[in-house]
Amino acid sequence: MTSKEEKEILQKAINTFGANQQIIKAMEELGELSTALARYFDKNKIDCNNIYEEIADVEIMCSQLRLIFDNYVIDHYKEMKLNRLKGVVW
Ligand SMILES: [Mg+2]
């Protein structure tokens, strides 16, 4: 799938369900990833496929949050934080 197709689908989801609903959905998906990662430390409940699925869900929702909020400001913060991290690990 091209990034253009992906962006069209995500924008249609926002138009169909509304920005507020998608923000709530993002909160739900973040919670699901948090739960999947917490289970990683429970040796009896390791389910990597669940982690992969929830990471995909969160990435999809973060992409929608970028369309709802200010993509350029997010990029600005991301670059700033990556440079700070670079300073720590280099
Ligand atoms: Mg999920």
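In listed order, ligands and their atoms are each counted from 1. Start at 1 with the first residue, then count along the sequence.
The hydrophobic cluster containing Met1 also includes Ile9, under a criterion of side-chain heavy atoms closer than 4.5 Å among ILVMFWY residues, counted directly or through chains of members.
Side chains of Leu67 and Lys7 form a contact here, defined as non-hydrogen atoms less than 4.5 Å apart. When side chains are defined from C-beta on, Lys86 counts as touching Asn83, because their heavy atoms get closer than 4.5 Å.
Salt bridge annotation for Asp75-Arg66: present, with a cationic side-chain nitrogen under 4.0 angstrom from a carboxylate oxygen. Electrostatic pairing of Glu8 and Lys12 does not count as a salt bridge here, judged by no charged N lying under 4.0 Å from a carboxylate O.
One side chain, Asn15 or Gln11, offers a donor N or O that lies under 3.5 Å from an acceptor on the other.
For the Mg ion (ligand 1), protein N, O or S atoms under 2.8 Å: 4 in total.
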